[in-house]
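First the structure, in the form of structure tokens, and then the observations on it.
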Amino acid sequence: MSNSAAAAVLTTAHLPEAIRAVRTLLDIADTGQAEVDFEAVIRSPYVLTQVRHVLPDLKWRAAAGEEHGSSEAGDNPADCLPIRVFDWCRPLDRAEPFIAALGTDPAAVRWDLDAWPAVPEAGLEAISQKYAYLTLTVNSRDLYQDEPSQDHTVHVHVWNRNGDQIGRVHWLADQVGGRFTGRVEWAPL
């Protein structure tokens with residue numbers, strides 16, 4: 001299993017600002033075949049209803065463990081709250097409705113990009129799909145919803161075969177008015 005370095009480039013209490021940053025980064029990235037993945041902890045019946053409106057065939061398991069309920073077993077998620085969502089390979093147009101449905105529940109939305117393009121004027125080579133991701137953590141500081149927060153963080157994944165890509169992290173942060181603080185999480189791919 002390989003890993004990706006997810007560098008935090010913008011943290012804000014204002015979700016619309018975080019979404020604008022994500023849109024800017026998506027405009028930079030190659031997204032022709034991109035998909036979006038969702039992870040969340042849903043505690044509220046209301047949020048569950050909203051999320052199921054966006055993703056009717058939601059993939060989930062009980063936070064207490066799969067033996068306490070799962071989508072795979074055909075259980076009713078409303079009877080198993082809180083639940084953990086692990087739902088992958090969705091079309092890009094599902095991301096913003098999913099984010100809007102979350103309320104105060106924590107989540108990570110990850111865009112699996114085709115590439116970060118070359119930026120010759122900044123001395124940056126293209127980064128292939130294998131290592132080109134963008135994650136927005138909503139109501140959480142980390143990728144795994146272990147650090148609930150009232151703010152939202154945009155993370156860029158830029159690791160490639162050549163190793164260090166700190167120049168790309170700084171360049172992407174500059175594009176959204178953020179800055180790289182040095183906070184990096186390793187995300188298994």
Side-chain angles (χ1 to χ4, degrees), residues 1-19 21-22 25-26 34-113 130-157 159 181 183-189:
M1 178 183 293
S2 62
N3 285 314
S4 171
V9 296
L10 179 73
T11 298
T12 177
H14 304 287
L15 188 55
E17 180 183 1
I19 290 171
V22 165
L25 293 169
L26 289 172
E35 299 174 327
V36 66
D37 302 332
F38 304 107
E39 294 186 18
V41 177
I42 297 177
R43 296 179 176 93
S44 154
Y46 175 76
V47 170
L48 176 62
T49 299
Q50 297 300 106
V51 166
R52 289 185 81 191
H53 180 72
V54 175
L55 300 172
D57 56 343
L58 184 69
K59 308 291 185 237
W60 62 274
R61 68 175 184 245
E66 199 165 342
E67 66 277 5
H68 296 279
S70 71
S71 55
E72 197 170 284
D75 296 315
N76 180 350
D79 296 336
C80 303
L81 293 173
I83 63 169
R84 292 193 70 89
V85 171
F86 298 97
D87 204 314
W88 293 287
C89 304
R90 296 296 188 149
L92 297 186
D93 68 356
R94 299 290 78 212
E96 288 193 33
F98 179 84
I99 293 165
L102 290 169
T104 59
D105 286 350
V109 179
R110 184 180 79 187
W111 288 263
D112 300 346
L113 309 171
K130 184 174 181 183
Y131 297 108
Y133 301 93
L134 169 63
T135 301
L136 172 61
T137 55
V138 179
N139 303 313
S140 177
R141 285 273 173 100
D142 70 309
L143 300 177
Y144 306 102
Q145 301 84 57
D146 293 329
E147 295 178 50
S149 175
Q150 292 183 345
D151 54 25
H152 320 285
T153 300
V154 177
H155 307 260
V156 294
H157 305 242
W159 197 255
T181 61
R183 188 161 52 112
V184 175
E185 289 182 72
W186 290 100
L189 301 175

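Contact check for Asp112 versus Val36: no side-chain heavy atoms found under the 4.5 Å cut-off. At a threshold of 4.5 Å between non-hydrogen side-chain atoms, the residues Tyr133 and Leu113 do not count as touching. Annotation: side chain of Leu134 is not in contact with side chain of His155 (no heavy-atom distance under 4.5 Å). When side chains are defined from C-beta on, Pro97 counts as touching Arg94, because their heavy atoms get closer than 4.5 Å. The side-chain heavy atoms of Val41 and Asp105, taken from C-beta on, include no pair separated by under 4.5 Å. Contact of the Phe38 side chain with the Arg110 side chain is not registered, since no non-hydrogen atoms from C-beta on lie closer than 4.5 Å.
Counting only distance, with no hydrogens or angles, the side chain of Asp142 and the backbone of Glu147 share a donor-acceptor pair below 3.5 Å. No donor-acceptor distance shorter than 3.5 angstrom exists from the side chain of Asp75 to the backbone of Pro77, with no hydrogens or angles considered. With hydrogens and angles ignored, the 3.5 Å screen pairs a side-chain donor or acceptor of Gln145 with a backbone N or O of Leu143. Distance alone, capped at 3.5 Å, places no donor-acceptor pair between the Arg61 side chain and the Ser71 backbone. A donor-acceptor pair is defined here as one N or O able to donate and one able to accept, closer than 3.5 Å; no such pair exists between the side chain of Asp87 and the backbone of Trp60.
Atom-to-atom distance recorded for Cys89:SG and Glu35:CD is 4.0 Å, nearest 0.5 angstrom. Taken from CD in Glu185 to OH in Tyr144, the straight-line distance is 6.5 Å, to the nearest 0.5 Å. In this structure, the separation between CZ on Arg43 and CG on Leu48 is 13.5 Å, given to the nearest 0.5 Å. Taking CG from Asn139 and CG from Leu15, the interatomic distance works out to 7.5 Å, rounded to the nearest 0.5 Å. In this structure, OG1 in Thr135 is found 3.0 Å from NE2 in His157, a value given to the nearest 0.5 Å. Atom CG of residue Asp146 and atom OG of residue Ser140 lie 7.0 Å apart, to the nearest 0.5 angstrom.
Side chain to side chain, Thr153 and Thr11 meet the donor-acceptor criterion of an N or O pair below 3.5 Å.
A 6.0 Å sphere centred on NE2 of His68 holds more than 12 heavy atoms belonging to other residues, nucleotides or ligands. Taking a 6.0 Å sphere around CD of Glu72, one finds it holds 12 or fewer heavy atoms contributed by other residues, nucleotides or ligands.
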Worked verdict on His152 versus Leu136 for side chain to side chain contact (heavy atoms under 4.5 Å, CB included): CA-CA 7 Å; His152 320 285; Leu136 172 61; 4.3 Å; yes
From CA spacing to verdict: side-chain hydrogen bond (donor to acceptor under 3.5 Å, both in side chains), Glu17, Thr12: CA-CA 7 Å; Glu17 180 183 1; Thr12 177; 2.7 Å; yes
Val109/Val22 under side chain to side chain contact (heavy atoms under 4.5 Å, CB included): CA gap, chis, key distance, verdict: CA-CA 10 Å; Val109 179; Val22 165; over 6 Å; no
Side chain to side chain contact (heavy atoms under 4.5 Å, CB included) evaluation trace for Lys59 with Val85: CA-CA 6 Å; Lys59 308 291 185 237; Val85 171; over 6 Å; no
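Considering Leu25, Leu92, Asp37 in turn, Leu92 is the only one that fulfils the side chain to side chain contact (heavy atoms under 4.5 Å, CB included) rule with Trp111.
Among all heavy-atom pairs drawn from Gly69 and Cys80, the shortest one is CA-SG, 3.9 Å. Between Leu81 and Ser44, the shortest heavy-atom distance links the atoms CD1-C, 4.0 Å. When every heavy atom of Val154 is checked against every heavy atom of Ala18, the shortest pair comes out as CG2-O, 3.9 Å.
Ion pairing between a basic and an acidic side chain is recognised when a charged N comes within 4.0 Å of a carboxylate O; Arg90 and Asp57 show such pairing.
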